Amino acid sequence: MPELPEAETIRRGLAAPLRGRVVRRVRIPRPDLLTQESDRFTSLVEGARFLDVGRRGKNLVFELAAVDENDPHLRMVVNLGMSGGMTLLRADDDSTGPSHPGVVFDLDGEGALIYHDVRRFGRLTVFGSRAFSNWSQALGPEPLDSSFTPSSLADGLSGSRSPIRSWLLDQKRIAGVGNIYANEALFGARIHPRTPANRISADDSRGLHHALQRILRDAIRARGTTLQDYRTALGTPGSYASDLRVYGREGRPCARRCGGTVERLVFSNRSSFFCPRCQPEPSSLN
DNA sequence: CGTGCCCCCTGTCAGC
DNA sequence: TGCTGACAGGGGGCAC
């Protein structure tokens with residue numbers, strides 16, 4: 001479900017209302033969502049105060065002022081997996097809340113922050129400063145940061161023979177790109193999804209850099225892509241689905257009206273969508 | 001080390 | 001109507 005634009009949208013919806021709130025109690029209907037013992041998770045988070053909500057790649061990063069003075073700055077990292085989401089429930093909200101609650105953070109005064117996840121592929125982890133830094137360093141650059149440049153992208157591509165679609169999905173290489181935006185960016189840059197990363201020309205890697213940034217920014221502006229169950233923190237769908245040009249469009253005419261038809265190709269167990277006329281297969285692949 | 005494949009889990013939809 | 005299989009936004013582990 002959620003890639004960078006969806007995580008960013010949820011972050012924006014949560015940051016202001018959460019700031020300063022204290023976690024009164026943690027309830028864990030689905031302990032398998034935690035990477036730590038639930039007792040340890042609970043003891044770290046209960047009583048802590050939300051300072052801010054950040055994001056790293058597809059992960060939400062909740063900055064917490066801890067109760068324990070030894071490591072006063074905790075970060076709770078939430079990976080949303082395929083179907084995870086975060087909802088802020090107000091005390092006067094008489095709805096039943098999300099249908100698949102996984103971890104519930106009761107807040108001081110009123111209301112609750114709820115992590116919900118039908119498929120339960122998501123994970124929540126609490127890090128101290130040191131461990132967080134190590135975790136973050138293992139991820140690739142943020143594609144919307146100024147440090148991510150056409151030349152840094154070209155450098156990264158040059159060292160790998162991976163198909164470019166797989167390369168883009170690898171969070172150690174770039175953080176935050178998932179299957180939807182990888183395919184959309186490759187269409188934008190007219191690169192076949194199976195092209196080996198190290199065979200992408202300098203021109204094409206500049207085009208890919210540009211397409212990635214443009215598509216991710218546009219998708220954030222649209223509050224993400226809702227195909228089925230993704231919702232913002234406010235429960236509303238994102239609208240970028242109507243801007244998709246290849247993802248999920250197998251058999252439909254190419255958005256460029258080139259006369260081609262969008263095709264679906266499966267590799268690494270994931271579907272890839274592309275226009276065979278705009279994104280010709282590199283000759284030696286066959 | 002890099003890469004591809006399977007699996008985790010639940011829900012939805014197409015086809016019969 | 002109901003069954004079955006394919007497929008879904010992610011990523012860890014394992015074999016090669």
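Please read these numbers as outputs of a predicted model, since none were measured by experiment. Order of the sequence lines sets the chain letters (A, B, ...), proteins ahead of strands, with each chain counted from 1.
- Within the structure, side chain to side chain donor-acceptor pair (under 3.5 Å) contacts touching residues 98-107 of chain A (residues at least two apart or in different chains) are A:Arg27-A:Asp106.
- Remark: A:Arg75 is positioned above the aromatic ring of A:Phe132, its terminal NZ or CZ atom under 6.0 angstrom from the ring centre and at most 45 degrees off the axis.
- OP1 or OP2 of C:dG11 sits under 4.0 Å from a side-chain N or O of A:Asn79.
- Counting only heavy atoms from C-beta on, A:Arg173 has its side chain closest to B:dG2 among B:dG2, C:dG9, C:dG11.
- For A:Tyr230, taking side-chain heavy atoms from C-beta onward, the closest of the listed nucleotides C:dA8, C:dG9, C:dG10 is C:dG9.
- Each side chain to side chain donor-acceptor pair (under 3.5 Å) pair with one or both residues in residues 244-262 of chain A, not counting sequence neighbours, appears once here: A:Glu250-A:Arg264.
- Between the side chains of A:Thr236 and A:Thr232, at least one donor N or O lies within less than 3.5 Å of an accepting N or O.
- Here A:Tyr181 lies out of heavy-atom contact (under 4.0 Å) with every strand.
- Between A:Ser272 and A:Asn183, the side chains place a donor N or O and an acceptor N or O closer than 3.5 Å (distance only, hydrogens not considered).
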Nucleic acid footprint by protein, nucleotides 4-14 of chain B - heavy-atom cut-off 4.0 Å, B for base, S for sugar-phosphate alone
SSB-BBBS---
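- Applying the salt bridge (charged side-chain N to carboxylate O under 4.0 Å, His left out) test to every pair with at least one member in residues 44-61 of chain A, sequence neighbours left out, gives these pairs: A:Glu8-A:Arg55, A:Arg19-A:Asp52, A:Arg55-A:Glu142, A:Arg56-A:Glu142.
- Counting any heavy atom pair closer than 4.0 Å across all strands shown, A:Thr226 reaches a base atom.
- For DNA chain C, each stem of at least three Watson-Crick or G-U pairs (distances under 3.5 Å) is given as range with range: B:2-8 with C:10-16, B:10-16 with C:2-8.
- For the pair A:Arg223 and A:Tyr240, the NZ or CZ position fails the cation-pi test of under 6.0 Å to the six-membered ring centre and within 45 degrees of the ring normal.
- Residue pairs satisfying the ring pair (Phe, Tyr, Trp, His ring centres under 6.0 Å) criterion with at least one member in residues 143-165 of chain A, sequence neighbours excluded, are listed as follows: A:Phe148-A:His209.
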